[in-house]
Amino acid sequence: MFNDIRIARNSALSLARNLMVVTMVIAVGTQYSVITADDHDSSLMVVNEYDPFG
């Protein structure tokens, strides 16, 4: 979990580029987390999405 959105975005972008998978930053309460597209659930609030192929 990240408290700073900037750090969460940088981590998601780095993971997307290194792992070559779509990553997303999601909001969980007042914090942020990074998940892959495989873990995405419709109940999650996606803040940013990073696609290494796009």
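As a basis for the values below, the full set of heavy atoms in this structure was taken, side chains included, without hydrogen atoms, waters or symmetry mates. When a residue number appears, it is its place in the shown sequence, counting from 1.
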- Task: Treating Ile, Leu, Val, Met, Phe, Trp and Tyr as nodes and any side-chain heavy-atom pair under 4.5 angstrom as an edge, say whether Leu15 and Val46 lie in one connected cluster.
- Result: no
- Distance from Ile26 atom CD1 to Asp39 atom CG, nearest 0.5 Å? 9.0 Å
- Task: Sequence neighbours left out, what pairs pass salt bridge (Lys or Arg N to Asp or Glu O under 4.0 Å) with at least one residue falling in residues 1-29?
- Result: Asp4-Arg6
- State yes or no: do Val47 and Leu13 share one hydrophobic cluster built from I, L, V, M, F, W and Y residues joined by side-chain heavy-atom distances below 4.5 Å, directly or via other members? yes
- Do the non-hydrogen side-chain atoms of Ile35 and Asp41 ever get within less than 4.5 Å of each other? no
- Query: Which of these passes side-chain contact (heavy atoms from CB on, under 4.5 Å) with Met1: Val34, Thr30, Val28?
  - Reply: Val28
- Query: If you group Ile, Leu, Val, Met, Phe, Trp and Tyr by side-chain heavy-atom gaps below 4.5 Å, do Leu19 and Phe2 land in one group?
  - Reply: yes
- Gap separating the CE atom of Met45 from the CE atom of Met24, nearest 0.5 angstrom: 14.0 Å
- Check for a donor-acceptor pair, side chain of Ser14 on one end and backbone N or O of Asn10 on the other, with a separation under 3.5 Å. no
- Item | CG on Asn18 to OG1 on Thr23, rounded to 0.5 Å | 10.5 Å
- Take Tyr50 and Val25 through the side-chain contact (heavy atoms from CB on, under 4.5 Å) test and state the conclusion after the steps. CA-CA 9 Å; Tyr50 297 95; Val25 176; 4.1 Å; yes
